[in-house]
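Everything on this sheet refers to the single structure shown next.
The figures that follow rest on heavy atoms only: side chains count, while hydrogens, waters and symmetry mates do not.
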There are 2 protein chains.
Amino acid sequence: MGRRRQSVTIKHVAADAGVSLQTVSRVINKEPNVRPAMKERVQASIDKLGYVPSIAAQRMSGSRSYLILAINDRDRTIADWRARDGRDWVDQMLLGGMLTAAERGYRMIFELIDTHSDHVERELGAAIAALQPDGVIVTPPHSENPQITGLLAENGIPFARIGSKEDGPGIAMTMGDELLAGKATDHLIELGHMRIGFIAGPDEYSLAGWRTDGWREAMGNAELDCEDLLEQGDFGFESGLAAAQALLDRENPPTAIIASSDQMALAALDVAKERGLHVPRDLSIVSFDNTPIVRFATPSLTAVDQPIARTAARAVELLIDFNKHGAPQAPVVVEGELIVRASTARAPTRSRT
Amino acid sequence: MGRRRQSVTIKHVAADAGVSLQTVSRVINKEPNVRPAMKERVQASIDKLGYVPSIAAQRMSGSRSYLILAINDRDRTIADWRARDGRDWVDQMLLGGMLTAAERGYRMIFELIDTHSDHVERELGAAIAALQPDGVIVTPPHSENPQITGLLAENGIPFARIGSKEDGPGIAMTMGDELLAGKATDHLIELGHMRIGFIAGPDEYSLAGWRTDGWREAMGNAELDCEDLLEQGDFGFESGLAAAQALLDRENPPTAIIASSDQMALAALDVAKERGLHVPRDLSIVSFDNTPIVRFATPSLTAVDQPIARTAARAVELLIDFNKHGAPQAPVVVEGELIVRASTARAPTRSRT
DNA sequence: ATGAAAGCGCTAACAC
DNA sequence: GTGTTAGCGCTTTCAT
């Protein structure tokens with residue numbers, strides 16, 4: 001193995017084209033002040049020799065690293081991965097971001113950081129120092145962790161905060177949670193439901209709150225009461241079970257339930273079945289996230305799709321263009337959509353007391 | 001943004017510890033010939049300053065890049081990603097490889113390469129030149145593409161060929177397909193099945209052949225006939241439909257079917273249902289791959305699990321240790337297992353003619 | 001519009 | 001054992 005050096009470097013190209021290194025560098029970086037003829041000659045040599053610049057060398061001399069770093073919460077990501085229940089957040093984020101990055105000559109690196117650890121700064125700091133990424137994408141709950149956003153800001157690294165709309169450094173991005181929760185609620189209202197229960201997510205996630213807000217607002221617009229119709233979970237299956245039980249144990253139970261995560265919706269479905277309630281005849285269910293499994297549930301779940309891939313792609317673009325355009329003024333919204341499947345139907349005509 | 005230089009470099013550490021750069025370098029790289037006292041002093045400075053070496057600079061000076069490149073087939077990966085049907089190959093490979101790499105101070109980068117393109121060399125060559133990875137993991141069908149393995153070998157880059165057991169450069173790795181197909185077959189034989197159909201995968205994949213071999217051998221060992229019991233698909237759902245139809249149209253149809261992919265098994269399940277055959281009472285089904293959806297099918301499918309994460313992890317280790325230990329002599333087998341679920345049962349007592 | 005020189009952060013090779 | 005020197009491939013100055 002030994003020293004594996006670059007086989008064809010900028011020097012070879014320069015020699016082949018009979019120009020200086022600088023000129024080649026200028027052509028590579030599409031800089032102005034190169035005569036078209038010269039440019040062509042150099043490009044010909046590049047193609048002929050199959051030259052590709054080394055990103056290590058580029059980074060070394062103070063230019064870009066052409067690396068975008070995407071970080072996710074360590075524990076959650078590993079738990080999802082082990083569970084193997086088809087959650088495809090990582091896939092969607094990776095592919096969405098990667099393909100867009102590739103189009104622009106960038107690469108995306110995926111990394112896990114522990115939110116709760118006291119070593120956040122160490123871990124993230126190490127990744128930054130080692131990789132020197134040109135941009136970082138952070139997802140919940142990292143995107144609202146001031147320790148993380150602060151470190152990034154300090155280091156002057158452009159970053160996108162997915163699932164965060166606060167002011168401050170970094171590009172704030174959301175998937176329109178509030179609006180989507182409203183759409184889901186409206187969908188049920190149109191089907192004649194008046195008692196629409198909502199299973200909220202945990203407070204640590206702002207987006208959980210936005211979803212609840214969207215439901216509340218849509219209910220208000222339709223002059224429907226939210227009283228007794230809200231329960232809170234932690235996005236996980238178990239918590240969904242408890243929340244659904246509580247909702248259906250009410251004196252005047254809901255005829256429809258919106259859960260702020262797929263797992264909680266699946267739990268609600270189980271609870272309904274257990275109680276002999278037919279979905280969607282007796283109870284309609286809408287879920288949030290739209291991970292693959294909800295399509296394979298029986299009945300398949302009407303769900304709010306989170307456009308993770310599109311969001312990651314957009315984040316990559318914004319990050320790459322950051323130097324030119326700077327950060328957008330307002331939070332960037334990459335809007336998801338409501339996908340109607342078989343778990344929602346007209347409200348039952350009379351109450352099942 | 002401007003020139004974002006490393007905030008704390010080896011120089012700072014050297015100055016702080018009052019030693020030469022080289023000594024610091026030696027400590028970082030755990031080289032011998034550093035007195036314990038010295039080592040401690042330097043390490044203290046490193047910790048104090050929060051120093052982390054820049055991989056770009058390390059790579060520049062001819063040492064390792066600490067990057068492992070994992071490449072997959074472009075079209076297939078994108079198709080899977082778009083389909084969103086819960087296939088988690090990318091997830092499993094990425095996380096499995098990444099976590100192991102991280103333990104050793106390495107990073108894994110995921111990349112897609114087009115197999116069928118004439119530009120394989122260009123694409124892969126570019127990735128190699130830009131990234132200078134210390135190792136590459138290739139998966140089927142790349143792992144059996146001589147253009148790819150040849151290029152890697154030429155460049156002297158250690159690589160692992162997953163799903164390939166031919167001799168030649170690179171580390172050959174399999175998940176024990178033949179043996180696993182045998183296990184699946186034995187499982188059915190133990191349940192009293194004598195007519196066990198097999199839906200093979202496409203010839204382009206050697207592992208498809210190994211699976212067929214394993215079935216054939218197990219059948220032979222039990223002195224069962226394979227005649228009329230083999231159909232071929234392309235791993236996809238549609239092809240599974242056709243194959244299952246053909247198998248069940250036989251004069252003396254099988255009482256069990258093993259499909260060499262989940263999608264084909266799911267297709268067989270659909271065909272069975274359509275014909276009013278109860279699974280597993282009338283027909284047992286075993287699938288290969290064990291992607292998340294098969295657990296959620298009704299009934300949940302007995303499946304051969306492919307340990308992709310473990311394989312990727314092992315590949316990373318072998319690659320990192322390649323310089324020390326070289327390539328293993330024989331193909332490395334990271335064996336999967338048969339996961340028995342609800343789609344297999346005792347053979348029906350009398351034939352359904 | 002092009003070229004020459006300096007240096008990025010680090011390690012290999014060689015001194016001592 | 002430890003320090004010194006040179007140089008990796010590239011992009012910055014700054015000349016011309």
* On a plain distance test, is the side chain of R59(B) in donor-acceptor contact with the base of dG9(C) below 3.5 Å? -> no
* Asked: Q132(B) and S65(B): side-chain donor and acceptor closer than 3.5 Å?
  -> no
* **Minimum side-chain heavy-atom gap I320(B)-D134(B) below 4.5 Å** => no
* Answer whether the closest heavy-atom distance between the side chains of L318(A) and M173(A) falls below 4.5 Å. => yes
* To do: Measure from the side-chain heavy atoms of V19(B) and tell me the nearest of dT2(C), dG3(C), dG3(D).
  => dG3(D)
* To do: Please determine, for the side chain of S25(A), which listed nucleotide (dA1(C), dG3(D), dT11(D)) has the closest atom?
  => dT11(D)
* E166(A) bridged to R161(A) by N-O distance under 4.0 Å -> no
Verify the contact: side-chain N or O of [X] to OP1 or OP2 of [N], cut-off strictly under 4.0 Å; return yes or no.
X      : N       : result
S61(A) : dC10(D) : no
T9(B)  : dG9(C)  : no
T23(B) : dG3(D)  : yes
N29(B) : dT11(C) : yes
Y51(B) : dC10(C) : yes

How many whole angstroms separate atom [atom1] of [X] from atom [atom2] of [N]?
X       : N       : atom1 : atom2 : value
E31(A)  : dT2(C)  : CD    : C1'   : 12 Å
N33(B)  : dC14(C) : CG    : P     : 16 Å
R26(B)  : dG9(C)  : CZ    : C1'   : 17 Å
R35(A)  : dT2(C)  : CZ    : C1'   : 8 Å
L131(B) : dG9(D)  : CG    : P     : 16 Å
Q22(A)  : dT2(C)  : CD    : P     : 12 Å
I10(A)  : dT12(D) : CD1   : P     : 11 Å
I55(B)  : dT11(C) : CD1   : P     : 12 Å

* May I ask you to say what P53(A) touches in the nucleic acid, namely base, sugar-phosphate or nothing, with a heavy-atom cut-off under 4.0 Å? => sugar-phosphate
* To do: Looking at every strand, decide which applies to Q58(A) at a 4.0 Å heavy-atom threshold: base, sugar-phosphate, or nothing.
  => sugar-phosphate
* **Most 5' of M60(B) and I28(A) on DNA chain D, judged by nearest nucleotide** => M60(B)
* Asked: Run the side-chain hydrogen bond (donor to acceptor under 3.5 Å, both in side chains) check on Q6(B) and S54(B) step by step: do they pass?
  -> CA-CA 8 Å; Q6(B) 194 95 332; S54(B) 146; 4.6 Å; no
